[in-house]
Amino acid sequence: MSNITLKSKSYEKLINVLCFPIKNETGSRYSKDSLEADKSRKDSEKSGARLSTQGSQELTLPKTDSRGYLVRNQWSRTSQSPSTRAPSADEPRSKNNSLKPPNSSTTSRTSSTSPSHQESPKRLSAQPSPLTMPLDSRPSTPPEVQLPAASRHNTKIYEHSDAWSLGIGREARESRDTRRDTRESRDTHSRDTHQREYPRTPPTEWKSHTQRKMLYPSHLDQDCSSNIARKREEEEDEEEAYWASMRTLYEKTPGCSRPRPPKPKHAITIAVSSQALFNMVDGRKIYEEEGLEKYMEYQLCNENVVLTPGPAFRFVKALQHVNARLRELYPDEQDLFDIVLMTNNHAQVGVRLINSVNHYGLLIDRFCLTGGKSPVGYLKAYLTNLYLSADSDKVQEAIQEGIASATMFDGAKDMTYCDTQLRVAFDGDACLFSDESDHVTKEHVFQHETLFENKPLAQGPLKGFLEDLGRLQKKFYAKDERLRCPIRTYLVTARSAASSGARVLKTLRRWGLEIDEALFLAGAAKGPILVKIRPHIFFDDHMFQIEGAQKAGTITSHVPYGINQKVNN
């Protein structure tokens, strides 16, 4: 037993040496009283920590660590604000009573610790730790935090913090689920109401904002749209009244009434060059002798000088008279003559041409000024039915393009022409018909025509223009205006009526065309007959016939088509 007692005492001493190696300033070890004080301090810390978990409504007593520093801001498990509220009257006092202030021995012990323990709190306090603060710097009384009335709970906090936190979490989840169900039900109700009042547009049918706005208009939109529509109607009425007054003014003012030009796709387009419409011999001479720059300078200096009429001038005036008669019978008629001024002059010369056209009252609205380039390339673009020019090269080029063309020549004598009737004279072969008979010798013409009397002749370059004239004539015939028709056509041919006249007339009948007058001269001169007729234009393929008619004062047009052109060249 003595041995066991000695061993136990030695073990106790060894434990004391190992567990309490630190000495105070006087060099003495910790006594048993200090151990008991340390134990009571740990119990008080545990009770203080347990008290801080009871919710934000309890107030924990100040706790100090082993070095005498106050542990602050003990945060609640359910709140982000520190538990600084004073204890309520409903809470059990046993919990407050269980908290004991720190023992005096603890304070004395901390003040008498070794230098190594005194340096460690300074290092810790130098760090920005929110959990500790010096005891002297803490407030004397804890501040009261006034919480909103809606957030105060009168329910008793659970004694066990885990059960209390689980209850709070369950209530939060239930309230969150309740809010979500309410929101979903409200969204479903609003969506059903929206679908019931305003059906959605199918995905395949896209509509703009304006179209959707028209489907669901508001009262404000209806008022604005009605005001806009009313203003638009007022503006349209004012504009219509203005143009009606201007139309009346132009109709009453002489020389101001200008009819609209017909649409090109319905009209009979006659393209006329500037040298064929006006007499530009002087300018042409300057161009050939002095060059283009002097020619343009001459035209610019004389742009206010009106040009004199050319060989196609009377023909154009007669075409305008036919249009006027057609508009009287058919106010909305579009099948009219449309004259286009087609020239290779420069655009600067166009001012003089416009002034001359307006001076004579010519209804020419479309111009083509190519600036030295041949205008033949634009004939098809302008849907040209007939091209008249004073340049034989351009006419030959147009013939090769398949466009009816002729070179204009003015008469050598002044002659009066009918102003109320368009008179057009045609040669037969190589004009209205093909040059088939020109390939047959004069000795065999009678036998050839008798053999092919019932075979229609092939068409010539001017057959289309004769068809256009015949179509317009029928419009007057439909109004019982045959005797007063403003169009009259003539066939002036060197054929013999006995030998080849029957085939010519049967060919015209087969084509559905009518000729007002047919003159078979059997090789005689055409000049005296043309003087009697006084046509506005006469088409022929033989230059000697052109020259003879020109000497008689007839305005002629040479058609460079057929085998005779090769013989003449």
Side-chain angles (χ1 to χ4, degrees), residues 258-281 283-284 286-288 292-293 295-296 298-300 302-303 305-320 323 334-408 461-462 464-465 468 537 557-560:
R258 188 181 185 89
R260 289 184 178 180
K263 295 182 179 180
K265 63 180 180 179
H266 301 300
I268 303 171
T269 304
I270 309 297
V272 184
S273 68
S274 58
Q275 296 183 13
L277 184 60
F278 299 110
N279 185 2
M280 303 183 70
V281 178
R284 183 69 181 181
I286 294 174
Y287 172 75
E288 293 176 355
L292 179 60
E293 296 300 328
Y295 170 78
M296 292 180 57
Y298 169 78
Q299 296 293 350
L300 290 175
N302 296 275
E303 65 180 12
V305 178
V306 179
L307 296 168
T308 58
F313 183 83
R314 295 179 179 86
F315 176 67
V316 172
K317 293 288 286 185
L319 295 178
Q320 290 185 186
N323 287 346
Q334 292 291 325
D335 193 3
L336 305 170
F337 291 108
D338 185 20
I339 297 92
V340 178
L341 186 61
M342 191 81 60
T343 178
N344 61 348
N345 275 301
H346 198 273
Q348 298 295 334
V349 187
V351 178
R352 189 178 185 186
L353 295 175
I354 293 173
N355 293 336
S356 301
V357 167
N358 294 334
H359 173 76
Y360 293 109
L362 300 178
L363 301 179
I364 301 177
D365 297 292
R366 296 199 289 168
F367 279 52
C368 181
L369 307 170
T370 60
K373 184 180 178 181
S374 175
V376 176
Y378 294 95
L379 293 177
K380 289 186 178 180
Y382 277 84
L383 304 178
T384 304
N385 299 91
L386 178 64
Y387 174 53
L388 302 176
S389 176
D391 192 341
S392 60
D393 295 335
K394 294 184 178 61
V395 171
Q396 184 66 44
E397 185 181 354
I399 287 288
Q400 293 176 359
E401 294 292 332
I403 299 173
S405 305
T407 306
M408 295 289 294
L462 296 177
F465 183 56
D468 295 333
I537 191 169
S557 298
H558 177 246
V559 182

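Only heavy atoms go into these numbers, but all of them, side chains included; no hydrogens, no water, no symmetry mates.
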Run the side-chain contact (heavy atoms from CB on, under 4.5 Å) check on His346 and Leu292 step by step: do they pass?
CA-CA 10 Å; His346 198 273; Leu292 179 60; 5.8 Å; no

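In terms of heavy-atom proximity, Pro264 sits nearest to Leu383 at O-CD1, 3.8 Å. Summarising the geometry of Ser405 relative to Ala398, their closest heavy-atom pair is OG-CB, 3.0 Å, with the distance given to 0.1 Å. Heavy-atom minimum distance, Ala312 versus Val272: CB-CG1, 3.8 Å. Among all heavy-atom pairs drawn from Ala271 and Thr384, the shortest one is CB-CG2, 3.7 Å. Val559 and Ala406 make their closest contact through CG2-CB, 4.2 Å (heavy atoms, listed as atom of the first residue, atom of the second, distance). Closest approach of Pro560 to Gln396, counting heavy atoms only: CB-OE1, 3.0 Å.
With rounding to the nearest 0.5 angstrom, the CG atom of Leu341 is 7.0 Å from the CG atom of Leu369. Rounding to the nearest 0.5 angstrom, the gap separating the CG atom in Leu319 from the CG atom in Leu386 is 9.0 Å. Between the CZ atom of Phe465 and the CD1 atom of Ile270 there is a distance of 5.0 Å, given to the nearest 0.5 Å. To the nearest 0.5 angstrom, Leu363 atom CG is 10.0 Å from Asn358 atom CG. Atom OH of Tyr382 and atom OH of Tyr387 lie 12.5 Å apart (nearest 0.5 Å). Note: Gln299 CD to Asn345 CG = 6.5 Å, rounded to the nearest 0.5 Å.
Panel note: side chain Tyr360, backbone Leu307; a donor-acceptor pair is recorded below 3.5 Å. Side-chain N or O atoms of Asn355 include one that pairs as donor or acceptor with a backbone N or O of Glu303 at under 3.5 Å. With hydrogens and angles ignored, the 3.5 Å screen pairs no side-chain donor or acceptor of Asp338 with any backbone N or O of Thr269.
Annotation: side chain of Leu362 is in contact with side chain of Leu277 (closest heavy-atom distance under 4.5 Å). Counting only heavy atoms from C-beta outward, the side chains of Ser557 and Met408 approach each other to under 4.5 Å. Between Tyr298 and Arg352, the closest side-chain pair of non-hydrogen atoms falls below 4.5 Å. In this structure, the side chains of Arg366 and Pro261 stay at 4.5 Å or more apart for every pair of heavy atoms. For the pair Asn344 and Asp391, the minimum side-chain heavy-atom distance is 4.5 Å or more. Contact check for His558 versus Ser392: no side-chain heavy atoms found under the 4.5 Å cut-off. By the 4.5 Å heavy-atom criterion applied to side chains, Phe337 and Val316 are not counted as neighbours. Considering only heavy atoms from C-beta on, Leu353 comes within 4.5 Å of Phe278 through its side chain.
Surrounding CZ of Phe367 are more than 12 heavy atoms belonging to other residues, nucleotides or ligands, all under 6.0 Å away.
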